[in-house]
Every structure is written in structure tokens, then in C-alpha cells.
2 protein chains.
Amino acid sequence: MNKEREIFIRFLEKSGLKATAQRATVLDIFLKTEKHVSADDLFSLVKKTNTEIGHATVHRTLKLIKAAGLAREVDFGEGKKRYEHLFGHKHHDHLVCLKCGKTIEVLDPKIEKLQANLASGHGFKVSHHRLEILGICKSCQ
Amino acid sequence: MNKEREIFIRFLEKSGLKATAQRATVLDIFLKTEKHVSADDLFSLVKKTNTEIGHATVHRTLKLIKAAGLAREVDFGEGKKRYEHLFGHKHHDHLVCLKCGKTIEVLDPKIEKLQANLASGHGFKVSHHRLEILGICKSCQ
DNA sequence: CTTGATATTGACAATCATTTTCAACTACAT
DNA sequence: ATGTAGTTGAAAATGATTGTCAATATCAAG
């Protein structure tokens, strides 16, 4: 967590941006939640301890956190972005339950490998990928 | 194409909905474009031949086309939905170029198989999945 | 072919997520 | 301490999509 803060500060410096109290607050609260938060989720969490921070700032800061390499955008097809931690977390894909919304993080190295092959076979230089398997989880069946 | 029209009509009947000229027009133009169209793309295409159709109708009709099983929603993370043909098209995944926006449809049965195994290993009953590999295509490198 | 119940339409307003604008404010190098 | 340049919150703007509603069209029944 202090490591993440340091990375963020360093990213801001390097980009000629400023380390403000609002940015620190948003980052801290983001780091405390181990969920896939939307900007609005995070805004609600932030509001609990600090009524002064506007939602535009939360959006702006999430972009920065992502740019700093501390978060990844995920999209469960809801029409809004969600963010998850990236630092100290290995890449993974998601199983998303269509009933209860629960997500399970999964990883299959064989799939990852095959995906890379598939892309390079088409001359593609991969930046990243997105795999979501949607269905009904065990407890919802 | 006539097959698709028939499926659509049958779907409307079965659902107690009406076969209107607007719906026929939107469907026809959708079937003519072999692209991943957004509602607004399609609205522009429709407007070329028929100025009378509103954008709300295009949105509504795309939903119906999807419900009829003739289209699939795809999401390239642009904050809007795109639709692609489903009838007579096998399932596939996408390579999306981040520079020119071009998409290549790909399929690897081994990946599909592994995905199914991965999900069932977690007790998941799969409804569908979404795989997009984002990167830079050959000609944009 | 007329009718009538019901679905549909387009225009417009509303909504939701996100971004922009802008004047007041703050960080931080000097 | 100070000036410059980035930052903030509030409010307005944007873009995609959906809801409202009065006028209109569909289609089964007579």
C-alpha cells in the first residue's frame, strides 16, 4: 500500500502533475476496496469520510491511477467502467454471474498462451485482452 | 436474408408485436452491413434512404433484432454498444486494432474448449463469453 | 371493408456515465 | 514569500440510451 502510494507520487512528479490531498484520499480508498468499483461506487465511499470531494475529481483521479499502472479498467457490459487493482496482482480473467453479479477471478496459462499465438498469427501486436465468461454461478443455479 | 426476415417476423408474432415498415427497414439495412455497427451508425445509414425514422426507433429495433436471435452485442470498450450478425455466423472472438479500429474475427477451438473447462471447474453454467484482444494491427505498426 | 383494441411511432425530455468549462484555489520550485 | 502552472468543485455539456405521450398504424374480428 505504501508502495502503491510511492508509485503514484512518482508518476505524478514524472508527469508534471501535483500531489494533492484529494488524489491521496481517492487513491487510499481505492486501495482499501478489493472490489471492482465503478467511479460512482468509489465516489460514494469517498463521500463517507470526505464530503468535499466532487465526482469529477474521482473520475479524473481514477484515470490517473490507471495511467500510473495501479489499476485496470474492466467492463462487464453494464455501460460503465469498473476498476480493479493492478499492482501486485497477476493478470486474470473473469467469470461473471448474471444473477448475483458476483465475479470470480480465474487464470489459465494455456488460454493465455493460445491467445498470444492467435494474435501474432495475424500480425497483431497485443496490448492487452479482455475475457469475460458470463453465466450462472454455482450458488445461483 | 429472407430467412432472417422470416425469423424476425415470426419472433414479432410470437411476442405479440407488430410488423411495421420501420422495423423492416432497420432490419434490412442492418443485414446489408457486414460491420460492427453502433445504433448511431445504423441510424445514419437508415437516414440516407428514409428521413422519417427516429433514432429511438433504431435503438428499439436493434434490441428486438437481438432478442430475435439475429444479432449479438459486442463491446469494444468505447462506451457504446455495437451489433454484429448472428444468423449463419459461427461464434468468434475479436482482434481489435487500437489505432485504426479495424477488427478481425478469429476462432480457436482449443481456446473455446479450455474456457468451457475453466468455467465448469468453478461450477459455472456458461451463458456466453466475450473475448477481445486489443493491440496494433499489422498495417498500423 | 370497417372497426376497435393495442402496439408503435417520432419528437422531446429524462437519465446515466463521463467530460468540459471556468473562476477560485493550491502545490511547489525558485 | 511568491508566481506560475496545475487542480478543484460546481455546474453545464456531452454522448448513448431510455422513457413519455399524443398521434398513428397494425391486424384480428365482425
Side-chain angles (χ1 to χ4, degrees), chain A residues 5 8-30 36-68 71 73-83 101, chain B residues 5 8-30 36-68 71 73-83 101:
Chain A
R5 281 196 199 120
F8 192 53
I9 300 284
R10 205 169 293 165
F11 165 81
L12 292 174
E13 275 175 4
K14 199 180 54 190
S15 315
L17 303 175
K18 289 169 181 171
T20 65
Q22 289 92 329
R23 286 175 179 166
T25 303
V26 172
L27 176 63
D28 271 13
I29 295 183
F30 172 70
H36 301 95
V37 289
S38 66
D40 207 56
D41 291 345
L42 195 55
F43 177 60
S44 300
L45 291 171
V46 166
K47 232 183 350 190
K48 282 186 193 165
T49 53
N50 188 331
T51 329
E52 310 297 304
I53 295 181
H55 62 135
T57 297
V58 174
H59 275 279
R60 294 189 276 231
T61 306
L62 274 171
K63 274 193 158 181
L64 293 175
I65 292 173
K66 182 188 164 197
E73 242 176 63
V74 292
D75 187 337
F76 296 154
E78 308 161 294
K80 66 181 166 188
K81 293 168 186 156
R82 292 186 173 275
Y83 295 84
Chain B
R5 281 196 199 120
F8 193 52
I9 301 285
R10 204 168 293 163
F11 165 80
L12 292 175
E13 276 175 1
K14 200 179 52 188
S15 316
L17 304 175
K18 290 170 181 172
T20 66
Q22 288 93 330
R23 285 174 179 168
T25 302
V26 173
L27 176 63
D28 272 14
I29 295 183
F30 172 70
H36 302 94
V37 289
S38 66
D40 207 58
D41 292 344
L42 195 55
F43 176 60
S44 300
L45 292 170
V46 166
K47 233 184 347 191
K48 281 186 193 166
T49 53
N50 188 331
T51 328
E52 310 298 303
I53 296 182
H55 64 135
T57 299
V58 173
H59 274 280
R60 295 188 276 231
T61 306
L62 274 170
K63 272 193 160 181
L64 293 175
I65 293 172
K66 181 190 167 195
E73 244 176 61
V74 291
D75 186 336
F76 296 154
E78 307 161 294
K80 65 183 167 188
K81 293 168 185 157
R82 292 185 173 275
Y83 295 85

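Atom set for the values below is all heavy atoms of this structure, side chains included, hydrogens, waters and symmetry mates excluded. Chain letters run A, B, ... following the sequence lines, proteins first and then strands; every chain starts at 1.
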- prompt: Separation of B/K63 atom NZ from D/dA16 atom C1', in whole Å?
  reply: 12 Å
- request: Report the distance from atom CD of A/E52 to atom C1' of D/dT7, rounded to the nearest whole Å.
  value: 15 Å
- prompt: Between B/K81 (NZ) and D/dT17 (C1'), how many Å, whole number?
  reply: 7 Å
- prompt: Roughly, in whole Å, what's the span from CD1 in B/I53 to C1' in D/dT24?
  reply: 15 Å
- prompt: Under a 4.5 Å cut-off applied to non-hydrogen side-chain atoms, are B/R60 and B/T57 in contact?
  reply: yes
field: Atom-to-atom span, CZ of A/F11 to C1' of D/dG6 - whole angstrom
entry: 14 Å
Distance, rounded to the nearest Å, where B/R60 contributes CZ and D/dT20 contributes P: 12 Å
Strand-adjacent residues in residues 12-23 of chain B, judged by heavy atoms under 4.0 Å from DNA chain C: B/G16, B/L17, B/K18, B/T20, B/Q22, B/R23
- prompt: Do A/R5 and A/D28 come within less than 4.5 Å of each other through their side chains, counting heavy atoms only?
  reply: yes
query: Mind checking which nucleotides bracket the chain A contacts on DNA chain C, 5' to 3', with an atom under 4.0 Å from a heavy atom?
result: C/dA17 to C/dC28
B/Y83 side chain near B/I65 side chain, heavy-atom distance below 4.5 Å: no
task: Please determine, by modelled atom types, if B/D41 and B/S44 share a side-chain donor-acceptor pair under 3.5 angstrom.
output: no
task: Mind telling me whether B/F76 and B/H36 have parallel, tilted or perpendicular rings, with 30° and 60° as the class edges?
output: perpendicular
- prompt: Is the B/H59 ring parallel, tilted or perpendicular to the B/H55 ring (thresholds 30°, 60°)?
  reply: perpendicular
message: Whole angstroms only, please: what is the CZ-C1' distance between B/F43 and D/dT18?
response: 15 Å
- prompt: Separation of A/H59 atom NE2 from D/dT7 atom P, in whole Å?
  reply: 18 Å
message: In the structure I gave you, are the side-chain heavy atoms of A/I53 and A/K47 within less than 4.5 Å of one another anywhere?
response: no
- prompt: With a 4.5 Å heavy-atom cut-off, do B/E73 and B/K66 have their side chains touching?
  reply: yes
message: Any non-hydrogen side-chain atom of B/D75 less than 4.5 Å from a side-chain atom of A/D75?
response: yes
